[in-house]
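Sequence lines set the chain letters: A, B, ... in the order given, protein chains first and strands last, and positions in each chain run from 1.
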There are 2 protein chains.
Amino acid sequence: MVGKRALSRQSLPEIIANDLRERILSGEMAEGEAIRQEALAEEYDVSRMPVREALKRLNAEGLIQWANNRGGSVTKHSLDEIGEIFDLRILIEVDLFRRAIPLMTPAHFAECDAILEQMEESYDRDDVARWGILNHEYHSALYSSVGRSLTKELLDRINVQSERYVRMHLSVMKQREPAKQEHRQLLDCARAGQTEEACALLSAHIERTKDQLLQMVAAKRATGDGA
Amino acid sequence: MVGKRALSRQSLPEIIANDLRERILSGEMAEGEAIRQEALAEEYDVSRMPVREALKRLNAEGLIQWANNRGGSVTKHSLDEIGEIFDLRILIEVDLFRRAIPLMTPAHFAECDAILEQMEESYDRDDVARWGILNHEYHSALYSSVGRSLTKELLDRINVQSERYVRMHLSVMKQREPAKQEHRQLLDCARAGQTEEACALLSAHIERTKDQLLQMVAAKRATGDGA
DNA sequence: TAATAGGTAATTGTATCCAAAATTCACCGC
DNA sequence: GCGGTGAATTTTGGATACAATTACCTATTA
């Protein structure tokens with residue numbers, strides 16, 4: 001993301017977009033839920049204008065869909081599309097990882113190690129929210145040795161989509177041990193300079209997440225809502 | 001003032017965004033050029049509101065950069081970033097092509113053939129504008145057998161970026177014969193079911209375009225760097 | 001003479017207001 | 001009783017007016 005640390009001077013659309021994004025990602029705003037500008041404006045106690053800009057932004061991010069004069073709704077992905085999102089993650093993350101490994105220094109490995117430790121700590125406390133954040137941080141840290149800012153920006157956009165489903169996943173995920181081990185192996189392979197092995201592990205890691213998650217979403221949709 | 005064309009069913013921001021996008025892609029708005037909302041609003045004879053929405057959209061597409069209260073400017077990519085754009089194209093297009101080839105039917109091949117013929121015709125007439133459009137159509141046709149709508153959407157966004165530079169490229173490109181042959185070979189391999197060979201060709205094809213183009217942009221920036 | 005501070009002008013961001021489009025409900029006709 | 005058409009309400013889209021922030025220019029002081 002663009003690093004504007006002065007968040008005191010954040011514009012209203014920015015603030016609202018961030019909050020709405022969080023509400024969508026957390027599932028507070030359900031898939032397919034209709035969005036009315038005025039209701040949101042009243043809720044945030046601002047005019048409809050900054051709300052409109054925030055909605056436009058989220059629309060560009062793909063989190064909500066907008067019809068011309070017909071209002072908007074929270075984007076709902078089909079199972080195929082959810083799978084596609086994870087295939088894109090595999091494609092781009094593995095490419096980044098392959099470029100990153102030869103450039104990794106002890107400092108990079110140390111950073112990954114530090115995050116891993118915090119992750120394992122959050123396992124034990126069953127702090128899924130923190131685990132999700134750290135998971136994202138860890139994956140980013142794996143690629144920090146390589147520049148590729150445009151690619152990372154693209155990946156961030158895709159990750160916003162995937163995060164919606166990963167979060168559902170985390171909250172009901174039983175077996176976190178495999179992921180834990182995979183994260184360690186990934187780093188070990190990278191440290192040993194075994195680029196292709198590490199990439200294969202990363203690919204399998206995301207693939208496994210995808211499979212588990214698709215199963216879960218499918219089950220949820222079959223029982224839960226009729227849509 | 002300005003002739004209001006078919007704005008009937010299209011929203012104003014949409015129209016303005018499309019026009020601005022075209023102006024940026026065509027080079028009419030140069031890299032790094034500052035953008036003032038009011039000037040554009042006056043030019044299009046509308047208020048600043050739809051202009052702002054259009055600018056927001058282009059910002060999300062990465063064509064312009066926006067600072068908080070500081071105005072915006074047309075995005076200027078470094079040589080590395082331009083290379084990155086083409087690397088992303090390779091990554092995504094090859095993945096799409098690999099998935100598409102096994103699904104291609106005679107109808108798909110016929111469509112590609114038809115576009116190829118028009119392309120070769122436009123070679124002879126030296127119609128670079130038409131060639132550019134057909135080039136994009138051809139690449140899309142290669143992947144038409146596969147669904148993957150989200151991936152295609154992503155690719156379209158990347159292609160918008162690359163098109164800025166491809167257009168410069170086309171207008172000064174001397175040797176179009178290699179591209180011509182490569183396009184044929186690509187299709188022949190795909191028809192023969194030689195998936196990996198076809199993907200390798202596609203990768204090399206885009207890679208060659210990237211190399212030529214980087215050379216050209218580097219030369220252009222070295223001479224007239226003042227802009 | 002140069003640097004800093006203050007003021008002014010320009011540009012962006014937000015709010016309120018008005019118009020246009022769409023959906024829904026009711027009434028009329030079949 | 002059912003279907004279609006029209007009007008009214010709801011909701012979005014666009015314009016104008018106003019506030020806030022920023023940058024530039026000028027003046028004053030060291």
**Request:** Output the distance between atom CZ (Arg48(A)) and atom CD (Glu38(A)), rounded to the nearest 0.5 Å.
**Result:** 6.5 Å
**Request:** Before giving the answer on side-chain contact (heavy atoms from CB on, under 4.5 Å), spell out for Arg164(B) and Thr75(B) the whole-Å C-alpha distance, their side-chain angles and the decisive distance to 0.1 Å.
**Result:** CA-CA 11 Å; Arg164(B) 289 177 64 182; Thr75(B) 302; 4.1 Å; yes
**Prompt:** His205(A): what forms a ring-ring contact (aromatic ring centres under 6.0 Å, His included) with it, not counting sequence neighbours?
**Reply:** His139(A), His183(A)
**Item:** Whole-Å gap separating P (dT14(C)) and OH (Tyr44(A))
**Value:** 15 Å
**Prompt:** What residue pairs, at least two apart or across chains, pass salt bridge (charged side-chain N to carboxylate O under 4.0 Å, His left out) with a residue in residues 209-218 of chain B?
**Reply:** Asp87(B)-Lys210(B), Glu207(B)-Lys210(B)
**Prompt:** For every nucleotide of nucleotides 5-12 of chain C, 5' to 3': is a protein heavy atom under 4.0 Å from its base (B), only from its sugar-phosphate (S), or from neither (-)?
**Reply:** ------SB
**Request:** Provide, to the nearest angstrom, the distance between the CD atom belonging to Glu42(B) and the C1' atom belonging to dT16(D).
**Result:** 15 Å
**Complete:** Residues at least two apart in sequence or cross-chain that pass salt bridge (charged side-chain N to carboxylate O under 4.0 Å, His left out) with Glu137(B), listed by chain then number, are none
**Request:** Whole angstrom is fine here: how far is it from CD in Glu53(B) over to C1' in dT12(D)?
**Result:** 11 Å
**Sub-4.5 Å side-chain heavy-atom contact between Leu154(B) and Ile158(A)** = yes
**Message:** Contact list please: residues 54-63 of chain A against DNA chain D, heavy atoms, distance less than 4.0 Å, in numerical order.
**Reply:** none
**Message:** Tell me every residue that passes ring-ring contact (aromatic ring centres under 6.0 Å, His included) with Phe86(B), counting only those two or more places apart in sequence or in another chain.
**Reply:** none
**Complete:** Met49(A) CE to dT11(D) P, in whole Å, measures 17 Å
**Approximate separation, where rounding is to 0.5 Å, of Leu142(A) CG and His108(A) NE2** = 11.0 Å
